[in-house]
**Student:** 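I have a structure I would like to understand better, so I am pasting it below and will then ask my questions one at a time.
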Amino acid sequence: MFYLIITSCLNNRYGIIDFEDRKKRYINCIETAKLINKELNNQIKIIIVENNGSRNTFLDELEVDVLYTENNKYYCPNPHLHKGVVEFMDIKDVINKYNIHDYDIVIKLTGRYKLLNSNFLKLILENNNNYDVFMKFFNVSRSIFKKDDCVMGLYGIRCKYLKEFQFNLPRRSAECNLATFIRENINNDKICEVNTLNLECKFADDHRIANI
């Protein structure tokens, strides 16, 4: 099976604090992902995960499964903990809750990032028997390709590797941790290196938008 896990955090305490802007962005990006999946005959199971505790939110109105966790409590008192670590806690909670199997493909999408077309999802659907990971090895802040760095906003990977992966922080960034793990644990011929994700990123710190 194919799973699209959309990560979200509605109550951010860092970067620009603007709940209505954040809400509109989440709705727009999630609805776009739903429309693209519909174009692909709904082959992918979409699950939203939100990490500020169980409650009623606008996410419940989007006609997609929503899992609420309490993992953001580990990040907010400790701004030095990379938010990617909290995202991985959320992803692993989804894997456990939905009993996602080792050889299923998990696609991770940051909820405030918008798919510009179906190309990346099609790539995974059409080539999942050939590859175990689909990833752009790229440093977003410096806009350069790097073999030991990656875009964590959108990637696809066989679930068993998500179960095995552990961060080694703060020695290196979360992105470098994940990229290095992939290089060391997945054969090169099973790694699909993606040049363009066709992804519109809106960064929380300053609301800067970049297409990667």
Side-chain angles (χ1 to χ4, degrees), residues 2-10 12 14-16 21-37 44 46-51 59 64 71-72 75 81-92 94-95 105-124 133-157 159 161-162 165 167 169 172-182 191-212:
F2 303 91
Y3 294 86
L4 174 60
I5 298 178
I6 302 177
T7 58
S8 64
C9 178
L10 303 187
N12 67 308
Y14 304 99
I16 295 176
D21 180 83
R22 198 170 179 87
K23 175 181 177 179
K24 290 176 183 177
R25 182 67 181 182
Y26 273 124
I27 291 172
N28 180 252
C29 294
I30 293 168
E31 291 290 356
T32 298
K34 287 171 56 183
L35 285 173
I36 289 175
N37 190 38
I44 302 169
I46 300 178
I47 303 165
I48 302 169
V49 60
E50 201 281 337
N51 55 22
L59 298 174
V64 175
N71 292 324
N72 197 39
Y75 176 61
L81 177 67
H82 194 288
K83 63 183 178 182
V85 178
V86 177
E87 283 189 342
F88 254 86
M89 294 168 68
D90 288 341
I91 290 168
K92 289 189 176 183
V94 173
I95 289 170
I105 295 287
V106 171
I107 305 161
K108 184 267 181 178
L109 173 65
T110 295
R112 291 173 293 99
Y113 294 0
K114 183 164 71 173
L115 297 169
L116 297 177
N117 56 45
S118 62
N119 290 359
F120 185 73
L121 300 186
K122 278 184 180 177
L123 177 69
I124 293 174
V133 63
F134 302 80
M135 181 166 281
K136 183 170 183 175
F137 294 91
F138 186 77
N139 182 292
V140 175
S141 61
R142 297 172 61 193
S143 296
I144 59 172
F145 286 91
K146 293 189 67 181
K147 284 192 170 293
D148 65 345
D149 207 339
C150 68
V151 178
M152 290 182 66
L154 177 64
Y155 60 86
I157 191 168
C159 185
Y161 296 109
L162 290 177
F165 175 67
F167 283 104
L169 296 171
R172 303 180 71 206
S173 72
E175 292 84 357
C176 288
N177 268 241
L178 181 57
T180 300
F181 171 83
I182 288 169
I191 299 174
C192 180
E193 299 193 32
V194 181
N195 290 326
T196 303
L197 291 171
N198 294 294
L199 182 68
E200 182 186 87
C201 305
K202 185 170 185 177
F203 300 104
D205 290 348
D206 55 7
H207 286 192
R208 174 173 56 94
I209 291 179
N211 294 341
I212 57 176

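Residue numbers count from 1 along this sequence. Model, not experiment: these values are computed from the prediction.
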**Student:** With a 4.5 Å heavy-atom cut-off, do Ile105 and Ile157 have their side chains touching?
**Tutor:** no
**Student:** If you measure from CD on Glu87 to SG on Cys9, what distance do you get to the nearest 0.5 Å?
**Tutor:** 9.0 Å
**Student:** With a 4.5 Å cut-off on side-chain heavy atoms, are Lys23 and Asp21 touching?
**Tutor:**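 Contact flag for Asp21/Lys23 side chains = no.
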**Student:** Going by heavy atoms in the side chains, are Asn211 and Leu199 under 4.5 Å from each other?
**Tutor:**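 In short, these two side chains do not touch, never coming nearer than 4.5 Å.
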**Student:** Side chains of Arg208 and Cys201: closer than 4.5 Å at any heavy-atom pair?
**Tutor:** no
**Student:** Would you call Ile107 and Ile5 a side-chain contact if the rule is heavy atoms closer than 4.5 Å?
**Tutor:**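 A side-chain contact under 4.5 Å is absent here.
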**Student:** Measuring from atom CD1 of Ile30 to atom CG of Leu4, what distance do you get when rounded to the nearest 0.5 angstrom?
**Tutor:**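 Here the rounded value is 9.5 Å.
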**Student:** What donor-acceptor contacts under 3.5 angstrom involve side-chain atoms of residues 137-153, with partners at least two apart or in another chain?
**Tutor:**
from: Asn139; atom 1: OD1; to: Ser141; atom 2: N; distance (Å): 3.2
from: Asn139; atom 1: OD1; to: Ser141; atom 2: OG; distance (Å): 2.8
from: Asn139; atom 1: OD1; to: Arg142; atom 2: N; distance (Å): 2.8
from: Asn139; atom 1: ND2; to: Asp149; atom 2: OD2; distance (Å): 2.8
from: Asp148; atom 1: OD2; to: Arg172; atom 2: NH2; distance (Å): 3.1

**Student:** Measuring from Ile91:CD1 to Met89:CE, what's the distance to the nearest 0.5 Å?
**Tutor:**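 Output value for this atom pair is 12.0 Å.
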**Student:** To the nearest 0.5 Å, tell me how far Leu10 CG sits from Asn72 CG.
**Tutor:**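 If we round to the nearest 0.5 Å, Leu10:CG and Asn72:CG are 10.0 Å apart.
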**Student:** Minimum heavy-atom separation for Glu200 and Ile209, please, with both atom names.
**Tutor:** CG-CG2, 3.6 Å
**Student:** For Phe134 versus Val194, what's the shortest heavy-atom pair and its separation?
**Tutor:** C-CG2, 4.3 Å
**Student:** Main chain of Leu59, side chain of Glu50: is a donor-acceptor contact present, judged purely on distance under 3.5 Å?
**Tutor:** no
**Student:** Restricting to non-hydrogen atoms, name the atom on Thr7 and the atom on Tyr26 that form the minimum distance, rounded to 0.1 Å.
**Tutor:**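 Scanning both residues completely, I find the closest heavy atoms to be O-CE2, 4.1 Å.
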**Student:** CG/Asn71 to CZ/Phe88 distance, rounded to the nearest 0.5 angstrom?
**Tutor:** 13.0 Å
**Student:** Evaluate side-chain contact (heavy atoms from CB on, under 4.5 Å) for Ile27 paired with Arg25, printing each intermediate quantity in order.
**Tutor:** CA-CA 5 Å; Ile27 291 172; Arg25 182 67 181 182; over 6 Å; no
**Student:** Nearest heavy-atom pair of Thr196 and Lys136: which atoms, and what distance?
**Tutor:** CA-NZ, 4.4 Å
**Student:** Distance-only check: which donor-acceptor pairs under 3.5 Å involve side-chain atoms of residues 109-119, not counting sequence neighbours?
**Tutor:**
from: Thr110; atom 1: OG1; to: Lys108; atom 2: NZ; distance (Å): 2.7
from: Arg112; atom 1: NH1; to: Lys202; atom 2: O; distance (Å): 2.6
from: Lys114; atom 1: NZ; to: Asn28; atom 2: OD1; distance (Å): 3.3
from: Asn117; atom 1: OD1; to: Asn119; atom 2: N; distance (Å): 3.0

**Student:** Side-chain contact, heavy-atom cut-off 4.5 Å: Tyr3 with Ile47?
**Tutor:**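 Yes. Closest side-chain heavy atoms under 4.5 Å.
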**Student:** Can you check whether Tyr155 reaches Leu197 side chain to side chain, under 4.5 Å on heavy atoms?
**Tutor:**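 Side-chain contact under 4.5 Å: no.
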**Student:** Distance-only, no hydrogens or angles: does the Asn37 side chain make a donor-acceptor pair with backbone N or O of Ala33 under 3.5 Å?
**Tutor:** no
**Student:** Counting C-beta onward and ignoring hydrogens, is there a side-chain heavy-atom pair between Ile95 and Cys159 closer than 4.5 Å?
**Tutor:** yes
**Student:** Checking Leu35 now: which residues fulfil side-chain contact (heavy atoms from CB on, under 4.5 Å) with it, not counting sequence neighbours?
**Tutor:**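 For Leu35, no residue satisfies side-chain contact (heavy atoms from CB on, under 4.5 Å) once neighbours in sequence are set aside.
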**Student:** Grab the two heavy atoms, one from Leu178 and one from Met135, that are nearest each other, plus how far apart they are.
**Tutor:**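 The pair with the smallest heavy-atom distance is CD2-CE, 3.8 Å.
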**Student:** Please give me the minimum heavy-atom distance between Ile124 and Gly156, naming the atom from each residue.
**Tutor:** CD1-CA, 4.0 Å
**Student:** Counting N and O atoms only, with roles assigned by atom type, does the side chain of Tyr161 sit under 3.5 Å from a partner on the main chain of Val133, one being a donor and the other an acceptor?
**Tutor:** no
